[in-house]
Structures are given as structure tokens and as C-alpha cells.
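Have a look at the structure below, then the notes.
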Amino acid sequence: MAFSTALNARLKCATPILQAPMAGGGDTPDLVAAVCAAGGFGFVGAAYLQPAQIAEVCRAVRQRTRGPYGINLFAHMPAPRPDDVAAALACVTPYFDELGLPPPSVPDQPHPDFGAQLEAVSQSDASAFSFTFGQMPAAAMQSLKARGIFVLGTATTVDEAIALAHDGVDAVIAQGAEAGGHRGTFAASFDAAMVGTMALVPQVVDAIRVPVVASGGIMDGRGIAAALALGASGVQLGTAFLTCDEAGVPEAYKRTILAASETDTIITRAFSGRPARGIGNRFMEEVGAAAADAILPFPWQNALTRPLRRAAATAQRAEFLSLWAGQGMRLARRQSTAELMRHLIDDCDAALRHLSRHVR
Ligand SMILES: Cc1cc2nc3c(=O)[nH]c(=O)nc-3n(C[C@H](O)[C@H](O)[C@H](O)COP(=O)(O)O)c2cc1C
């Protein structure tokens, strides 16, 4: 039996299991549609997409499902172009050589224009919008909400959650330290904001009035039951979906997750310039050990390493892939999205029944 909260009623789906947006190709339209078909809520991670590509992906999702879905962007203030990129270029050149690529360069436009991306979101038929890395400009927030779009912001501390609630978000995603991918931190130091999901969620729940979505390290029905017990109104899972058949990451990435354990991830800036959790590999270790000025700030480092990551995906070379994944990896399974969703729903139900048997 699918569990239900006020959140899924607002999102108009059967159960409050959100598939995390996974910018960079993990969240294919097939994955998003399969999550929707199974009663969850799928997100398109559109942060790296140009407006026309956002429109294209939304059309592809709509061809596959009539259900509701959401779009996600990075709400960050891009760092200005660094004056000196020589050390960063020198640091990655050997890897470009190893993969037979032309010498690396830093593009003038490292990231799509946020305003244009937002316009594409407004033009789409997505019914929810989520963001991470920051706060939304007030006018953008108002315009999304005026269109009836349900807005979710990402927080990694209680103060960030309060700031987002003050801005008018409809729900806050509380991202614990276990989470795979980039840290959403925007108003604290990255180190201080490494608060585990178990500690973060109830403190955020107590601090704000809007629904809280727990995210980070949740891989199965037990994790969902625990999040609900902490007061969350829903959950957002990323890593659990990455090894599904419909996920768009290279096979080498899926195989690495399936062979990895809870101690195998590290927080790194090596690929993108912004701290993110992923499975440690050669690139992360070697570039991570380089001098601080050899890694550019986000999004410049991300743009610098993009050709390398693309070539590595084609060549199935996991040592050069940004293997974003959370600490719950041992619980990842190779399966279809429909199977994963069925397990999540049934196992959460079983966990809740199991717990209620112990209540006298
Ligand atoms: C491969 C990958 C890509 C991600 N990309 C995004 C993204 O584009 N936007 C976002 O808000 N969160 C992104 N995240 C973070 C997720 O929203 C979420 O916090 C995280 O997956 C939860 O932890 P888990 O992986 O242990 O389930 C990403 C996570 C992963 C694993």
C-alpha cells in the first residue's frame, strides 16, 4: 500500500517519493516517466541544459507520461572568470592527453544563462520547480508561483531552511551530508554544513512550517520510514535511481556503484570546483591533491573538465568520470525503475507495520 502525506496531495502524485534531479544525464525522460508511472514524482535536472534543450526534454517526458513532473536548476551566482587559469589547465592537461583529446581550454560561457533557463521552465508544462546552491530572486519566485508551480528549495542547515521558507518556497528539501552529488550549501561553510540526514531533518521540521523532504542516504523502504518518523513529508532519492535500467549514466558508472561500499565516497571539488560527494577515483585523488589554485571555482572547473568526462563516458573509463553517489551505495540494486519503486513502497509499508507491532 502506497503511503501518502500532504506533500504528494499537493504534488498530485500517489506517494511522496521524489526522484532527485540528476543534471548531467542520469535522469533520462524514461526514468522520470517511469517514476511518475509508479506513483512517485520525477524531476528533470536541467542545470546544464540550454533553454531549447529544456523544452526538448520536457516534450520527451510528456510523450512518455501524462503525469506531473518537475524541473530543477542551480540557483547560484556564478563566480567571475578567474584571472589566472594556467595552473588549472596544466593540472588537467595530462588527462586530456591520455584520452587523446585536444588541449583543455576554459570557455567564455561556462554555464547556460539562468534567466533564460527559468523562462524555459515557465514555458514548460512542469508542475514543480526545485533549485539548489542558493536562493531564488524574489521576482522569479513570484512569477513561478503565480503560474501555479510548486517550488522547492534545497537546504543543508536549519538557517538555510528558514531563509528559503521566508522566501516563500512551498517545501524545503533537507539535504543531509550522506547525499550523492553537489552540496546545496549556500549560507554556511561547506565543512560546517556537513550535517547528517538523521540530525538535519527533525531540526528543520521543527524550524519551519512548510513540508520538509528528506534527502541523503535514503535507499530503501526502511530509510523512507525513518525519514517519515523524523517528521519529513516526503523523500528525495538520487543514488538509488542511478543503477536503474532507465538511468542515463554510463555502464561503467553503474558497475562502480554496484561494487562500492559506504566508505568509498569522498567530497571533492576536483571535477566542478564545488564540493560534491562521489566515489573516489584516480582523477579525484590526483587533482584533489593538487595546489588550491589548480582547481577553478564552479562553474569554471566544471566547464574545463566537461570534455574529459564526455570522452571518459564514451570510453567507459570510470577513473575520469564524476561518479556522484551517496553513502548508501551498498543498498543499490540493478533493476527497473518500476521494480525499485515497488520495493520502496512495499518495504516502507513493511517497515512501518514492523515498527507498529513494537508499540504497546
Ligand atoms: C548523480 C547525481 C546528480 C545530482 N544532480 C543534482 C541536480 O542536478 N540538482 C539537485 O538539486 N540535486 C542533485 N543531486 C543531489 C540530489 O538532489 C540529492 O540530494 C541526493 O541524490 C540525495 O542523496 P542520495 O544520492 O544518497 O539519495 C544529484 C545527486 C546525484 C547522485
Side-chain angles (χ1 to χ4, degrees), residues 17-28 31-32 40-49 54 57 70-76 111-112 117 128-134 136 151-156 164 169 171-186 193-198 200-201 213-220 223-224 227 232 234-244 247-250 253-254 256-257 260 262 264-265 267-268 271-272 274-279 298-299 302 309 313 321-332 340 344:
I17 300 175
L18 279 52
Q19 161 252 309
M22 291 184 279
D27 51 9
T28 59
L31 178 68
V32 174
F41 197 91
F43 272 92
V44 171
Y48 302 134
L49 302 183
I54 295 177
V57 177
I71 305 182
N72 170 273
L73 293 176
F74 295 163
H76 63 108
H111 201 77
Q117 287 181 313
F129 170 75
S130 73
F131 59 95
T132 185
F133 296 5
M136 289 286 288
V151 181
L152 306 93
T154 307
T156 60
L164 294 172
V169 297
V172 166
I173 300 159
Q175 186 193 43
E178 303 92 322
H182 284 104
R183 303 296 304 145
T185 304
F186 63 90
M194 292 301 287
V195 184
T197 305
M198 185 90 177
L200 181 65
V201 170
V213 178
S215 190
I218 302 171
M219 299 290 291
D220 61 16
I224 298 174
V235 290
Q236 177 162 287
L237 284 63
T239 304
F241 285 102
L242 276 177
T243 49
C244 285
V249 298
Y253 190 161
K254 294 185 184 181
T256 309
I257 292 180
E262 72 284 2
D264 289 336
T265 65
I267 300 284
T268 182
F271 277 109
S272 72
R274 190 181 167 94
R277 185 180 292 286
I279 303 170
F298 187 91
N302 198 54
R309 289 179 278 121
L321 290 174
S322 51
L323 300 166
W324 304 144
Q327 290 177 320
M329 270 178 310
R330 229 188 254 268
L331 301 170
L340 171 61
L344 293 175

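Keep in mind that the numbers below use all heavy atoms, side chains included, and drop hydrogens, waters and symmetry copies. Read the numbers this way: they start at 1 and go in the same order the structure lists the ligands and their atoms.
In this structure, the side chain of R274 does not engage the main chain of T268 through any donor-acceptor pair within 3.5 Å.
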task = Kindly determine whether E178 and T197 satisfy side-chain hydrogen bond (donor to acceptor under 3.5 Å, both in side chains), including the steps that lead there.
result = CA-CA 7 Å; E178 303 92 322; T197 305; 2.8 Å; yes
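From the protein, the heavy atom lying nearest to atom 11 (O) of ligand 1 is N72 ND2, 3.1 Å. Atom 29 (C) of ligand 1 has its closest protein heavy atom at G180 O, 3.2 Å. Closest to atom 17 (O) of ligand 1, if we only count protein heavy atoms, is Q236 NE2, 3.0 Å. Ranking the protein heavy atoms by distance from atom 21 (O) of ligand 1 puts G238 CA, 3.3 Å first.
Side-chain contact between H182 and Q175 is absent, with no heavy atoms from C-beta onward closer than 4.5 Å. The side-chain heavy atoms of L237 and L340, taken from C-beta on, include no pair separated by under 4.5 Å.
Residue A20 approaches ligand 1 through these ligand atoms, each under 4.0 Å from one of its heavy atoms: 16 (C), 17 (O). Atoms of ligand 1 lying under 4.0 Å from at least one heavy atom of T132, given by number and element, are 10 (C), 11 (O).
At least one heavy atom of P21 sits less than 4.0 Å from an atom of ligand 1. Not a single heavy atom of G26 sits under 4.0 Å from any atom of ligand 1.
Contacts between F74 and ligand 1, counted as non-hydrogen atom pairs separated by less than 4.0 Å, involve the side chain only. If you look at Q175 next to ligand 1, the close heavy atoms, those under 4.0 Å, all belong to the side chain. Residue contacts with ligand 1, taken as heavy atom pairs separated by less than 4.0 Å, involve T239 via backbone and side-chain atoms alike. Under 4.0 Å from ligand 1, the heavy atoms of Y253 that appear belong solely to its side chain.
One distance of note links CZ of F241 with CD1 of I17; it measures 7.0 Å at 0.5 Å rounding.
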